[in-house]
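Labels below follow one simple rule: chain letters A, B, ... track the order of the sequence lines, proteins then strands, and each chain is numbered from 1.
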Amino acid sequence: MFSTLFSIYSRKSLKALIRKSVTLLEFYTNERLINHGNALHCHLIKMGLSSQKYIAVKLLIMYLDSRKSFEIDQMLKEFNGFNLVVQNCLITANLQWGNVIDACRLFDEMPERNEVSWTSLISGLLKHGNVNEAMVYFERNPFSNVFTWTATINGLVQNRLSFQAMRLCKKMLQSGVLPNDITFTTIIRACVELSDLGLGKSVLCLIVKAGFENNVCVSNSLVTLFLRLGEIDSARKTFDRMEEKDVVSWTTILDMYVEMGDLREARRMFDEMPERNEVTWSAIIARFSQSGNAEEAVKLFQQMVRHSFKPNVSCYSSVIRALATLEALQAGMNIHAHILKIGMEINVFVGSSLIDLYCKCGNTKDGRLVFDEIPEKNVVCWNSMVSGYGFNAQLEKATELFNQIPHKNNISWNSLIAGHLGIENFNEALQVFDEMILSGEQPNKSTFSSILKTCASLASLERGKYAHTKALKLGFQHDIFVGTALVDMYAKSGSIESSRKIFKRMPTKNEVVWTAMIQGLSENGFAEESLRLFEEMEKKSSIAPNELILLSVLFACSHCGLVDKGLSYFNSMEKVYGIRPNERHYTSVVDMLSRSGRLFEAEEFIKSMPLEPEANAWAALLSGCKTFGNETLAGRVAEKLSGIVETKPGGYVLLSNIYASEGRWEDVMSTRNLMNQKGIKKSGGCSWIELRNQVHLFYSQDETHTQSNEIYWVLQLFNSEIQSHLT
DNA sequence: TTAGGGTTAG
């Protein structure tokens with residue numbers, strides 16, 4: 001492993017060996033590869049180099065960073081007392097561990113302090129959010145140089161206090177301290193944070209005046225500034241004008257294409273880049289993974305390894321995310337094993353992706369093991385586990401864990417709501433939403449998307465309207481997810497006019513919202529309008545019809561009696577739209593033919609089907625037979641249907657309903673008995689009413705409502721009242 | 001003291 005080290009050593013170039021060791025130790029610390037760090041430490045001891053000043057400091061930092069107390073003590077002994085450098089390291093470590101008071105005490109007790117001590121303390125305090133304390137020390141700092149100024153300005157930017165950062169920068173210029181390239185990159189970031197293009201341009205003037213316009217870092221920051229503020233042309237021009245470009249410049253511009261949604265161009269650029277490093281690989285893998293292109297992300301990861309690049313933490317978390325999307329459990333487990341083998345600490349990013357992977361593959365137990373192993377969990381880890389339980393219908397565990405989250409955010413709430421929605425616990429989903437509002441947590445677009453879906457499932461117009469008002473107040477009405485959910489909710493709740501209005505006002509329309517509107521119109525009896533909208537979509541948008549849209553189109557044709565039009569759409573499904581019809585499309589055609597009395601054709605159509613027909617297809621034909629009085633065919637179809645129900649439990653319900661509609665009560669009873677014998681449970685008929693913002697559900701033969709007794713008592717009272725009026 | 005990349009919900 002350390003062959004390069006030895007070869008350098010054999011050349012007796014001690015300086016190079018020290019430099020290389022320092023670089024390696026820094027890498028192992030940053031990447032949390034403590035096993036590797038330990039191994040290197042052993043080699044350095046053998047070579048008698050572990051006490052060398054620069055190396056010892058890096059070793060100490062590595063152990064402090066990973067909180068290895070035994071090794072820390074050993075290292076402190078090596079130093080033979082506490083010098084300034086060690087003290088500075090200890091202050092930084094204490095700040096990292098959140099021991100602000102200890103860090104300040106150590107600093108205050110130091111007999112002498114250099115400018116590094118001051119800068120470390122101030123920037124460390126800022127890094128960990130202790131802005132006020134940092135500013136007190138900043139005022140006391142006797143060293144007024146560009147390092148301290150820049151570190152403090154940077155700390156303020158990191159704390160999202162960019163306005164204060166810019167004010168401090170002005171003070172620095174007034175005090176006569178000249179900014180350097182790092183100061184400029186820092187204040188450009190502040191401009192990005194403030195979304196202030198004008199300010200950015202003023203900074204650009206300063207950069208030119210100070211002669212930093214050809215500095216690679218500064219130029220890279222400018223490219224990012226223009227990109228983030230939507231000035232794509234300026235970003236590209238700045239990039240093209242750069243005399244010297246490095247791997248960061250290329251990675252930044254690569255990201256530009258991804259953000260513009262042009263993954264192909266991004267890929268082309270990536271393939272042609274003169275230089276790549278692990279961050280470039282990490283960026284492209286992450287971007288493909290985020291854009292839902294998981295397979296490509298995994299391929300890129302394999303390619304990266306083949307090119308002998310060492311994947312870093314970011315790469316691992318991105319590729320695991322991609323594998324979770326693909327539900328590739330085995331591959332994910334291999335990567336997990338590999339990470340453990342190389343001794344990479346499971347940090348929050350890798351940990352959260354791993355939890356997600358295991359849970360998406362149905363293995364919440366292993367997900368939980370990973371969760372329990374993460375030493376310092378952040379809210380994302382908690383949310384991943386809550387949503388993992390929710391995804392696997394383990395709502396009790398999800399709720400239990402949710403209640404333990406130390407600092408919840410809106411995604412925590414959304415995860416629990418989504419869990420309830422997933423198992424159709426609609427009332428609970430609404431209840432969690434109410435609690436979320438009461439807790440003061442701000443719902444976001446995802447919250448509304450889920451809640452509106454819940455309202456749509458309950459056909460609860462009142463709750464839906466309430467959610468709509470809240471979404472309007474927060475300005476989410478133009479969001480595509482919220483808009484789609486609103487169109488669907490109003491359509492499902494029977495308020496199709498509201499759906500129409502929202503659909504019309506939506507600035508951008510995607511496939512899903514077109515589907516919702518076409519389906520909504522079709523299902524609300526506006527068949528002709530639905531077909532007109534479908535034709536409009538074909539003409540005016542670039543959206544290709546999908547399975548669901550075509551099903552709605554067939555449904556609409558069936559309900560307007562446009563049989564030939566419907567048949568022509570059905571026949572063009574595969575040829576024109578490239579969609580293979582499924583059972584539901586076939587059933588829709590059978591329904592269409594049966595409703596118009598083309599019974600023989602319908603029967604022939606079923607016989608010619610390449611797929612096993614749904615019981616519903618036969619039922620549709622049977623219903624046609626009854627409408628048009630074709631008893632011979634009805635007999636044949638009923639026989640067929642009773643044959644099908646043997647294999648498909650859903651068919652029993654259908655059959656018993658058909659018997660019931662014909663008044664054949666004995667047959668109904670025998671079908672029901674058969675169902676009981678076979679242990680088939682029919683999902684009970686369910687009705688509901690909405691009272692004072694609460695939806696009350698009632699199931700047939702199942703008195704689970706909490707006030708069931710009272711309700712039945714009142715019902716009986718009404719019945720006797722009615723009876724007394726009748727007699 | 002600095003520029004580019006990472007995890008969760010819809």
Is a salt bridge present between A:Arg189 and A:Glu193, judged by a nitrogen-to-oxygen distance below 4.0 Å? no
When we call it a touch if two heavy atoms are under 4.0 Å apart, what does [X] touch: a base, just sugar-phosphate, or nothing?
X: A:Asn410; result: nothing
X: A:Asp181; result: nothing
X: A:Ser314; result: base
X: A:Glu115; result: nothing
X: A:Val247; result: base
X: A:Lys127; result: nothing
X: A:Asn277; result: base
X: A:Thr119; result: nothing
X: A:Arg276; result: nothing
X: A:Ser449; result: sugar-phosphate

Qualifying side chain to side chain donor-acceptor pair (under 3.5 Å) pairs, either residue in residues 363-372 of chain A, two or more places apart: A:Asn363-A:Asp366, A:Thr364-A:Gln394, A:Arg368-A:Asp372, A:Arg368-A:Tyr389
DNA chain B: first to last nucleotide in contact with chain A (atom under 4.0 angstrom from a heavy atom), 5' to 3', is B:dT1 to B:dG10
Is the ring centre of A:Phe138 less than 6.0 Å from the ring centre of A:Trp149?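 They qualify: ring centres under 6.0 Å apart.
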Residue among A:Trp250, A:Tyr257, A:Phe226 satisfying ring pair (Phe, Tyr, Trp, His ring centres under 6.0 Å) with A:Phe239: A:Trp250
Check the side chains of A:Ser412 and A:Asn383 for a donor-acceptor pair under 3.5 angstrom, ignoring hydrogens and angles.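 Yes - a donor-acceptor pair under 3.5 Å links their side chains.
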A:Arg287: partners by salt bridge (charged side-chain N to carboxylate O under 4.0 Å, His left out), with sequence neighbours left out: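 Checked A:Arg287 against salt bridge (charged side-chain N to carboxylate O under 4.0 Å, His left out); matches are A:Asp255, A:Glu259.
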